[in-house]
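Input: a single structure, listed below in structure tokens.
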2 protein chains.
Amino acid sequence: MASTATGGLPEASLRERKKATTRANLHLAAVRLALERGTEAMTVEEVAAAAGVSPRTFFNYYETKEDALVGADPGRAGRVREAVLARPSGEPVDRAVRTVLLEHVRGLEADPQLWRMRRELAARSPALAARIAGAGDQLETVLVEAAYGRTGSDPALDLETGLTARVAMAAVRAAFHQHRAAGFVGSLAARAEAALDAVGVGSAG
Amino acid sequence: MASTATGGLPEASLRERKKATTRANLHLAAVRLALERGTEAMTVEEVAAAAGVSPRTFFNYYETKEDALVGADPGRAGRVREAVLARPSGEPVDRAVRTVLLEHVRGLEADPQLWRMRRELAARSPALAARIAGAGDQLETVLVEAAYGRTGSDPALDLETGLTARVAMAAVRAAFHQHRAAGFVGSLAARAEAALDAVGVGSAG
DNA sequence: GTGAATGTTGCACTGACTGCAAGTTGTGCC
DNA sequence: GGCACAACTTGCAGTCAGTGCAACATTCAC
């Protein structure tokens with residue numbers, strides 16, 4: 001449940017907890033069914049049934065079938081932004097971005113089963129891969145905004161800050177593809193660290 | 001017609017030329033209507049009518065409504081790959097990637113009208129922006145593959161090559177966003193060159 | 001000019017997605 | 001413990017994207 005909106009904190013009201021589990025159940029059901037029967041062949045009706053809700057309710061949780069497949073998380077952008085801004089004020093931007101990004105990567109791997117299924121799905125469905133890329137771009141945009149938020153500089157004049165955040169994302173993508181090429185042995189986070197070192201974004205020192 | 005599959009070459013058979021213009025007409029009609037009435041409100045039927053074909057034919061050219069809006073080009077990946085591989089064999093990879101990427105950027109700006117409308121659309125529709133990001137990712141993937149094709153190295157071992165291509169894409173994205181922040185004055189290609197210099201990808205010298 | 005490809009169209013159909021209104025369940029309060 | 005409000009779920013009816021198929025039209029190659 002590493003990807004639910006509430007972050008899995010045991011607090012929150014009954015209502016909130018139920019919503020979080022329904023959301024997670026829908027995502028899981030969608031991923032499982034997509035792996036069983038294919039992304040296109042699987043219908044929303046089936047996913048809803050598997051998660052124990054009505055088809056209409058499905059759309060109360062995810063705007064589209066694809067959103068359910070990738071486990072779209074409306075709160076993610078806000079949380080990432082806050083995480084970057086919450087880093088110690090003395091910390092350099094690249095270090096802040098690096099830390100938050102690596103934390104995010106660890107979150108992806110946190111549930112190995114789900115992580116594996118998601119990878120599998122992305123590999124099988126080009127449309128889904130494109131969708132995930134879109135989500136990655138959204139993440140990149142948030143990181144860039146947060147980075148400029150820290151420096152307070154003008155995006156029209158300061159290329160450097162945005163470039164740092166984008167290069168960091170490029171490093172993580174490169175790490176992922178290397179990881180795949182290597183048969184997913186070891187941890188993505190470790191590869192991502194190495195890639196970030198290679199591009200000189202926030203290396204310890 | 002900077003974005004048509006045949007690249008605007010005056011040769012090709014009548015059939016090919018007709019297909020190319022129909023394709024371009026559909027894209028243009030889609031973009032215009034989307035700007036007029038909104039991406040969602042506009043229907044495929046309207047777009048087809050505006051381009052003078054039946055709705056059924058629309059789907060012979062574009063798989064989805066969004067594909068028509070972004071002017072999806074099935075041949076792009078292949079052309080980019082070839083362009084990278086066609087660079088002089090003595091040329092370093094980063095230089096080859098830089099050259100092809102900059103050429104691609106110039107192609108985007110080639111038709112200022114269309115370029116402006118596309119920007120406008122992306123700014124208005126988040127769904128479309130995500131789609132465009134997906135297309136950007138596909139371009140990145142092709143560049144990476146072509147880069148490895150040039151070096152002949154193993155993607156599982158050689159991180160550097162892929163990283164170079166991805167950093168180059170990051171630079172172009174950063175350049176675009178700076179361009180936007182600056183109100184789109186001047187040329188994107190010039191900003192992209194500066195950004196590529198900043199990250200040290202294929203700088204002259 | 002003729003036959004083979006290739007492209008266009010209409011038709012019928014599936015399934016994603018939406019607005020609305022009614023029913024159900026959790027929450028806060030006495 | 002029960003009441004009143006808010007939030008969530010559901011069914012219904014409808015719109016529209018997208019697809020397979022078969023008939024028709026156009027272009028091509030010789």
Side-chain angles (χ1 to χ4, degrees), chain A residues 4-6 10-27 29-31 33-34 36-70 72 74-75 125-128 130-131, chain B residues 4-6 11-27 29-31 33-34 37-72 74-75 125-128 130-131 134:
Chain A
T4 51
T6 52
E11 19 180 309
S13 66
L14 171 60
R15 217 174 233 169
E16 289 306 314
R17 271 177 289 137
K18 272 187 149 184
K19 276 183 69 173
T21 56
T22 299
R23 197 176 182 81
N25 285 158
L26 282 169
H27 174 45
V31 170
L33 281 167
E36 272 177 33
R37 337 199 319 108
T39 315
E40 307 300 323
M42 164 199 86
T43 72
V44 166
E45 199 174 344
E46 293 170 334
V47 176
V53 297
S54 74
R56 188 65 185 81
T57 296
F58 174 96
F59 289 108
N60 288 342
Y61 284 86
Y62 293 104
E63 293 192 1
T64 69
K65 192 166 79 162
E66 281 191 342
D67 276 0
L69 281 169
V70 303
S125 161
L128 210 55
R131 180 70 194 224
Chain B
T4 51
T6 52
E11 20 180 308
S13 64
L14 171 60
R15 220 175 230 168
E16 290 305 314
R17 274 176 286 134
K18 273 186 148 184
K19 276 183 68 174
T21 56
T22 299
R23 197 176 182 80
N25 285 158
L26 281 169
H27 174 46
V31 170
L33 281 167
R37 338 198 319 108
T39 315
E40 307 300 321
M42 164 199 85
T43 73
V44 167
E45 199 174 346
E46 293 170 335
V47 176
V53 297
S54 75
R56 188 65 186 82
T57 296
F58 174 95
F59 290 108
N60 288 343
Y61 284 88
Y62 293 103
E63 293 192 0
T64 69
K65 193 167 79 163
E66 281 192 343
D67 276 0
L69 280 169
V70 303
S125 161
L128 210 56
R131 181 70 193 223

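Just so it is clear: chains get the letters A, B, ... in the order the sequence lines come, proteins before strands, and each one is counted from 1. The basis for the numbers below is simple: all heavy atoms, side chains too, and nothing from hydrogens, waters or symmetry mates.
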Sugar-phosphate or base contact per nucleotide [nucleotides 20-26 of chain C; S, B, -; heavy atom under 4.0 Å]:
B----BB
How far does CD of B/Glu66 sit from CG of B/Leu69, to the nearest 0.5 angstrom?
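Here the rounded value is 7.0 Å.
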My understanding is that only residues two or more places apart in sequence, or in another chain, count here; which of them pass salt bridge (charged side-chain N to carboxylate O under 4.0 Å, His left out) with B/Arg15?
none
Taking salt bridge (charged side-chain N to carboxylate O under 4.0 Å, His left out) as the test, write out the residues that go with A/Arg37, two or more places apart.
A/Glu46
Relative orientation of the end axes in the helix from C/dG1-D/dC30 to C/dC30-D/dG1, expressed as an angle to the nearest 10° (five pairs per end):
40°
First and last nucleotide of DNA chain D in contact with chain B, 5' to 3', at under 4.0 Å to a heavy atom: what are they?
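Using the under 4.0 Å cut-off, the span is D/dA17 to D/dC28.
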Looking at [X] and [Y], what are the two nearest heavy atoms and their distance?
X	Y	result
A/Leu26	A/Val53	CD2-CG2, 4.0 Å
A/Ala30	A/Met42	O-SD, 3.3 Å
A/Ala68	A/His27	O-ND1, 2.7 Å
B/Tyr62	B/Ala72	CE2-O, 3.5 Å
A/Glu45	A/Pro55	CG-CG, 4.1 Å

Look at B/Thr57 and C/dT8 and indicate whether a side-chain polar atom (N or O) is within less than 4.0 Å of OP1 or OP2.
no
Length of the line joining B/Leu26:CG and C/dT9:P, which is rounded to integer Å:
10 Å
Note, [X] side chain near [Y] side chain (heavy atom, < 4.5 Å):
X	Y	answer
B/Lys65	B/Thr43	no
B/Leu14	B/Arg17	yes
A/Asp67	A/Arg131	yes
A/Lys19	A/Tyr61	yes

What's touching nucleotides 15-17 of chain C from the protein side, N or O pairs under 3.5 Å?
unit_1	atom_1	unit_2	atom_2	d
C/dA16	OP1	A/Val44	N	3.2
C/dC17	OP2	A/Lys65	N	2.6

Answer with base, sugar-phosphate or nothing: what part of the nucleic acid does A/Tyr61 contact at a heavy-atom distance below 4.0 Å?
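Sugar-phosphate contact only.
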Using a 3.5 Å distance criterion without hydrogens, assess whether the side chain of B/Ser13 forms a donor-acceptor pair with backbone atoms of B/Glu16.
yes
